[in-house]
J.: 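Sharing a structure with you now.
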Number of protein chains: 4
Amino acid sequence: MRFFSDNAAAVCPEVMAAIAGANRLDTAYDGDALSQGLSAAFSELFGKEVAALWVGTGTAANSLALAELCPPHGAVICHKDAHINNDECGAPEFYTHGAKLLTVEGPGAKLTPESLTERLDLVPDGVHWMKPHAVSITNATEYGRVYTPEETAAIGALCRERGLGLHLDGARFANAVARLACSPADLTWRAGVDILSFGFVKNGGLSAEALVFFDPDRAAATHYRRKRAGHLLSKGRYLAAQIHAMLEGDLWLRNGGLANQAADRIAAAAGPERLVEPVEANELFLKVTAQEAAALRAQGFDFYDWAPGEVRLVTSWDSDPAHVDSLAAAIRAL
Amino acid sequence: MRFFSDNAAAVCPEVMAAIAGANRLDTAYDGDALSQGLSAAFSELFGKEVAALWVGTGTAANSLALAELCPPHGAVICHKDAHINNDECGAPEFYTHGAKLLTVEGPGAKLTPESLTERLDLVPDGVHWMKPHAVSITNATEYGRVYTPEETAAIGALCRERGLGLHLDGARFANAVARLACSPADLTWRAGVDILSFGFVKNGGLSAEALVFFDPDRAAATHYRRKRAGHLLSKGRYLAAQIHAMLEGDLWLRNGGLANQAADRIAAAAGPERLVEPVEANELFLKVTAQEAAALRAQGFDFYDWAPGEVRLVTSWDSDPAHVDSLAAAIRAL
Amino acid sequence: MRFFSDNAAAVCPEVMAAIAGANRLDTAYDGDALSQGLSAAFSELFGKEVAALWVGTGTAANSLALAELCPPHGAVICHKDAHINNDECGAPEFYTHGAKLLTVEGPGAKLTPESLTERLDLVPDGVHWMKPHAVSITNATEYGRVYTPEETAAIGALCRERGLGLHLDGARFANAVARLACSPADLTWRAGVDILSFGFVKNGGLSAEALVFFDPDRAAATHYRRKRAGHLLSKGRYLAAQIHAMLEGDLWLRNGGLANQAADRIAAAAGPERLVEPVEANELFLKVTAQEAAALRAQGFDFYDWAPGEVRLVTSWDSDPAHVDSLAAAIRAL
Amino acid sequence: MRFFSDNAAAVCPEVMAAIAGANRLDTAYDGDALSQGLSAAFSELFGKEVAALWVGTGTAANSLALAELCPPHGAVICHKDAHINNDECGAPEFYTHGAKLLTVEGPGAKLTPESLTERLDLVPDGVHWMKPHAVSITNATEYGRVYTPEETAAIGALCRERGLGLHLDGARFANAVARLACSPADLTWRAGVDILSFGFVKNGGLSAEALVFFDPDRAAATHYRRKRAGHLLSKGRYLAAQIHAMLEGDLWLRNGGLANQAADRIAAAAGPERLVEPVEANELFLKVTAQEAAALRAQGFDFYDWAPGEVRLVTSWDSDPAHVDSLAAAIRAL
């Protein structure tokens with residue numbers, strides 16, 4: 001019974017069917033109709049003309065976005081627990097050719113206008129210091145927290161004021177939108193987001209994320225950078241097909257909601273004392289002793305030791321309701 | 001009737017079935033059994049212990065190989081018509097952090113010990129010049145020609161003598177082996193090849209190529225570089241599954257042979273006068289006038305204008321025999 | 001009697017005096033009055049508001065200029081014998097983060113609108129190919145030839161038409177201006193040059209070249225890039241002082257003329273049959289047999305073997321007139 | 001009366017004389033006898049065969065050292081207040097092609113085996129995290145503190161144990177050695193240092209630092225990297241001459257001692273309550289109110305506001321004794 005990572009989940013049937021459905025002779029790279037149709041599909045979703053392209057991984061999507069927003073001699077501000085800072089083996093540094101990530105601390109892996117301002121003000125003017133050019137936030141965050149549209153807009157306003165680009169790592173964007181029941185537009189471009197890494201792989205996709213440029217004119221160089229990074233698959237139609245399947249009938253949102261609900265049921269069983277962070281998406285951070293953790297594992301539950309006395313549990317679109325019930329019962333019984 | 005590119009071909013059913021078969025909850029990234037089993041599978045194929053890993057595109061595979069063989073201040077020697085020099089938007093320069101491709105001319109996009117020696121001898125000693133660290137050859141070449149084991153071994157011997165690494169871009173390795181009816185070992189490590197980009201996507205795969213390190217100790221850094229380039233897919237098992245399906249019962253070799261045979265039939269119809277290059281793999285370069293090209297297109301054949309008075313036709317594992325017959329007939333009738 | 005390279009020449013007394021004159025406590029980096037005064041000094045020289053900064057070497061100057069004009073995924077067109085392509089160990093690739101140099105052939109290491117157009121037209125549209133963003137020419141060229149203002153303007157016009165930046169490597173700019181007796185403005189910004197590497201080291205300086213941006217707004221990022229490359233000396237005033245000394249009373253032009261005249265005298269002695277290239281600056285390429293070369297060396301003349309049957313001789317601002325006379329006589333006597 | 005930075009000091013007469021003395025025709029780049037003699041000179045100083053080369057700035061020296069010790073996908077551990085992390089505009093990231101600086105906190109900008117171990121242990125195994133390959137310490141530190149030979153050796157031992165290279169930023173190495181009255185060998189290679197950036201510019205030099213490789217075989221690639229970074233001056237003899245002048249008769253050590261003594265006199269005047277850090281080199285960090293700082297400035301003293309209620313004063317080899325006395329008196333009188 002795996003609650004280890006949503007990365008380990010299966011591919012959802014609609015996506016699998018779409019891959020099979022794309023299996024005909026067609027134009028190579030992203031010249032096919034499915035790939036060419038991504039911008040229109042996302043423009044409809046966001047209620048605004050956008051430019052969108054597929055990318056194979058979230059790491060590549062994030063790094064390409066940062067390379068657009070920040071020159072090699074600039075800096076990107078992010079939370080110290082951000083995926084781009086912690087879990088991508090320096091991909092942002094590779095794609096930006098050496099830009100620096102300046103980190104901020106704060107609860108829930110969330111930035112605030114205050115913490116951001118404080119960090120920005122630490123950077124003196126002058127060529128000895130890498131000047132911040134962009135901010136990157138993650139929604140839902142690495143600790144399963146969400147930014148509301150208002151919180152995002154406050155950061156967006158600060159970015160505009162300071163002349164900074166704003167990137168949103170949306171590896172779990174679906175979970176955030178499902179939780180907030182807001183429009184995708186309110187959580188992105190209306191709040192000042194310039195580029196979104198729209199995640200699908202953790203949410204039922206196989207190998208396709210989308211990069212969404214809310215200023216469509218800003219996407220041009222990224223097509224070159226994607227090719228140059230070896231991310232322009234010659235059979236791109238199978239990636240585009242996955243994304244179209246996820247967008248069709250808002251499957252992405254439904255899947256995100258399923259994962260959230262599974263997390264909620266476990267959270268309810270755990271009770272507020274055990275929760276290190278409020279559960280706002282599909283991740284739970286629980287205080288459990290080493291003995292308790294061992295007891296859960298002995299019952300067949302698989303999860304991640306996060307810190308001393310703390311474990312991380314992640315649900316996904318395909319979390320088996322019976323497993324979720326068993327886990328909830330097991331936690332209650334601790 | 002598409003003879004445009006083998007990149008545009010469909011995915012073969014065995015590969016599609018393997019993808020579907022991998023669709024269960026599993027460990028993320030390349031921790032799954034399929035990914036972990038690649039080195040063993042390729043070790044068996046090559047009759048030698050190797051280290052192998054999946055990569056999403058041939059461009060990424062080539063560039064990762066070159067980054068292993070050449071430092072940022074070094075040079076790689078290749079043919080001027082090599083894919084790495086011409087068609088990858090500077091991916092080798094990106095992954096190697098600025099190494100230089102020094103090019104050699106010669107028929108069939110093939111290097112020879114002579115042309116290689118001549119180029120090497122043009123580089124003076126000293127820090128003003130980027131010192132060659134590696135050679136990259138393509139087999140089958142960009143002009144549909146093959147290097148025999150003997151030809152490869154002669155280049156390999158020169159590389160050893162000069163202290164150069166040897167990379168083999170095997171985007172169409174299957175076509176080469178099928179044509180030469182030799183062992184994969186004779187065409188690679190026994191001939192001095194250090195790293196092979198083993199292509200599957202042009203040959204019936206969807207999104208998986210393999211990097212094969214004939215010195216298994218040499219693969220370690222590439223795991224970091226792959227992650228850092230955003231090429232460590234979180235659901236890597238679907239890539240590993242494709243490769244295992246291709247290796248199973250030598251499907252890769254069968255598919256390569258099918259494409260070659262289709263090319264042979266068209267070549268036979270075209271006759272030696274029309275052939276710009278001998279047909280040794282699945283690409284044909286034909287002398288046809290603009291009018292003849294237009295006539296073929298009017299009959300529904302799609303292909304690439306290569307040069308004035310010259311077109312390129314590419315067959316693939318799934319070239320429809322009826323289409324091949326029609327094309328052969330149409331060419332005969334020109 | 002050294003005719004090996006103008007790089008080996010001494011520092012002229014005015015420059016040495018200026019260095020000594022700068023030796024007082026002052027502000028660090030480029031905050032001192034001398035450094036801050038460079039833009040004004042070059043604005044006066046060029047009859048136009050420019051931004052100028054010191055850089056320690058021509059290689060760094062060239063590379064910083066190219067980094068401003070070309071993104072990592074772009075290409076720069078230059079002559080195959082250009083210093084940036086041949087003699088800088090990949091510095092342009094390092095500073096641009098992997099941009100590609102696309103080379104053109106042609107006599108005298110000179111580009112022409114025709115050769116440039118031909119090369120540009122070889123690059124297809126699309127992300128598979130690195131798109132040209134800039135052109136770099138050298139004046140005087142690596143073969144001691146000059147571009148006239150008209151020739152430069154023709155290239156400049158083509159660059160504008162094609163949307164390309166134009167860089168001028170002026171390691172021997174002084175020799176070119178001295179020969180052409182034209183205004184520096186006519187040979188640069190009036191002809192469409194965007195950035196000039198204005199060389200002083202070969203011409204009597206010690207360790208200071210200037211980067212001149214004819215659009216002053218374009219210099220901002222280069223200040224960061226210079227620092228980041230470790231080229232912002234903490235005692236920059238000693239570099240600025242060298243440049244002011246060279247500009248004072250047009251010392252640079254006088255020195256360039258002295259070197260040219262020395263070359264002219266040797267050229268006259270050699271006669272047209274021996275000259276591989278017309279002598280238009282301070283470099284001579286002479287046809288001499290191995291025996292003749294040995295005979296010259298036996299008389300104490302030091303120079304560079306350029307190609308079989310061909311030697312290179314370089315004069316400088318401090319070429320001893322007696323040595324020049326001796327060499328002229330020795331060549332006549334061959 | 002400037003106590004702003006030792007970067008702003010003048011060049012000492014012996015160095016100026018050496019520059020003038022090098023002003024004759026000679027071989028270009030580093031082919032001259034002075035440049036070629038550096039390895040021998042430093043081998044003598046360190047009592048061991050080393051390889052040494054000149055570099056124009058400390059930033060370039062540090063970055064070249066780190067590029068040798070750490071691959072692009074690796075990490076370097078340093079103090080968060082290290083010059084390489086704070087003041088070089090990302091030069092380490094540029095030269096290493098994107099390696100990450102992992103920072104450690106602790107008093108006096110000093111690392112300890114404990115803080116280092118703690119940081120190292122935070123990095124999980126696996127390709128998602130940039131693996132530490134090197135440690136960089138600064139002696140004297142950015143806060144004017146010194147590492148003793150024993151402290152250095154403890155860090156060196158940990159580095160060996162963990163397979164890490166050890167770089168020493170010796171921008172103020174002279175001040176450290178002068179203070180500790182130890183042998184340069186004990187503070188470097190005998191303590192496990194692999195590469196030293198030996199600073200001269202803050203200590204009376206004009207534009208020359210030295211990179212010292214205690215394993216001479218390790219210097220080869222740096223010669224290419226230096227050229228490729230545009231740091232191989234064509235008139236390198238003037239840099240080598242500066243270094244020889246500094247080494248001659250231990251001028252470097254005498255100058256370092258002069259700066260230390262000036263700092264000591266001010267420290268004595270300030271008294272322990274005002275000192276934020278013990279004064280162990282040529283930097284003082286004093287607690288003074290804004291009013292007190294203004295009063296000092298009104299008397300003509302120039303210095304840097306470091307933090308609220310804290311100023312930094314730096315002495316140098318040429319600090320005027322009269323100015324030092326005046327400052328000491330003025331501080332006493334506050």
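None of the values given here were measured: they were computed from a predicted structure. Basis for what follows: all heavy atoms, side chains included, without hydrogens, waters or symmetry-related copies.
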J.: Please flag which part of Y238(C) lies under 4.5 Å from any non-hydrogen atom of chain D: side chain, backbone, both or neither.
T.: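 When you check distances to chain D, only side chain atoms of Y238(C) fall under 4.5 Å.
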J.: Go through K227(C), E88(C), H231(C), M16(C) and name the one with the most non-hydrogen pairs under 4.5 angstrom from chain D.
T.: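 Winner by heavy-atom pair count: H231(C).
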J.: Between F94(C) and F94(D), what is the ring plane arrangement, given parallel below 30°, perpendicular above 60°, and tilted in between?
T.: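 Plane angle under 30°, so parallel.
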J.: Would you kindly check if the NZ (Lys) or CZ (Arg) of R297(C) is within the cone defined by 45 degrees around the ring axis of F303(C) and under 6.0 Å from the six-membered ring centre?
T.: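 R297(C) over F303(C) ring: yes.
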J.: Select one option (side chain, backbone, both, neither) describing which atoms of T27(C) are under 4.5 Å from chain D's heavy atoms.
T.: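 Contact with chain D is through both the backbone and side chain of T27(C).
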J.: Between A9(D), G56(D), S5(D), which shows the greatest number of heavy-atom pairs under 4.5 Å with chain C?
T.: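 The candidate making the most pairs under 4.5 Å is A9(D).
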J.: With a 4.5 Å cut-off on heavy-atom pairs, point out which of G236(C), G90(C), A229(C) contacts chain D the most.
T.: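 Sorted descending by pairs with chain D, the first entry is A229(C).
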J.: Does R218(D) make a cation-pi contact with F213(D), if we ask for NZ or CZ under 6.0 Å from the ring centre and within 45° of the axis?
T.: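 Because its charged atom misses either the 6.0 Å distance or the 45° angle limit, R218(D) does not stack over F213(D).
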J.: Could you tell me which portion of D87(C) (side chain, backbone, both or neither) has an atom closer than 4.5 angstrom to a non-hydrogen atom of chain D?
T.: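 Backbone only.
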J.: For the residue pair N62(D) / D169(D), report whether a side-chain donor-acceptor contact shorter than 3.5 Å exists.
T.: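 D169(D) vs N62(D): donor-acceptor pair found between side chains.
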J.: Q242(D) and S207(D): side-chain donor and acceptor closer than 3.5 Å?
T.: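 The criterion, which ignores hydrogens and geometry beyond distance, is satisfied for S207(D) and Q242(D).
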J.: Under a 4.5 Å cutoff for heavy-atom pairs, which residue among R24(C), K202(C), K235(C) has the most contacts with chain D?
T.: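 Most heavy-atom pairs under 4.5 Å with chain D: K235(C).
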J.: Would you say the rings of F198(D) and F200(D) are close, in the sense that their centroids are separated by under 6.0 Å?
T.: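 Here the rings of F198(D) and F200(D) have centres that are less than 6.0 Å from each other.
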J.: Tell me whether the NZ or CZ atom of R254(C) lies within the 45° cone about the ring axis of W317(C) and under 6.0 Å from its centre.
T.: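 Verdict for W317(C): no cation-pi partner in R254(C).
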J.: Can V201(C) and L206(C) be said to form a side-chain contact (heavy atoms from CB on, under 4.5 Å), step by step?
T.: CA-CA 5 Å; V201(C) 173; L206(C) 192 157; over 6 Å; no
J.: What residue in A91(D), A60(D), A8(D), C89(D) has the most heavy-atom pairs under 4.5 Å with chain C?
T.: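 Max contact count across the listed options: A8(D).
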J.: Based on non-hydrogen pairs under 4.5 Å, which of T57(D), L64(D), N7(D) is most in contact with chain C?
T.: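 The candidate making the most pairs under 4.5 Å is N7(D).
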J.: What residue in T59(C), I19(C), D26(C) has the most heavy-atom pairs under 4.5 Å with chain D?
T.: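 Heavy-atom pairs under 4.5 Å are most numerous for D26(C).
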J.: Which region of R237(C), side chain (C-beta onward) or backbone (N, CA, C, O), has a non-hydrogen atom less than 4.5 Å from a non-hydrogen atom of chain D, or is it both or neither?
T.: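 Side chain only.
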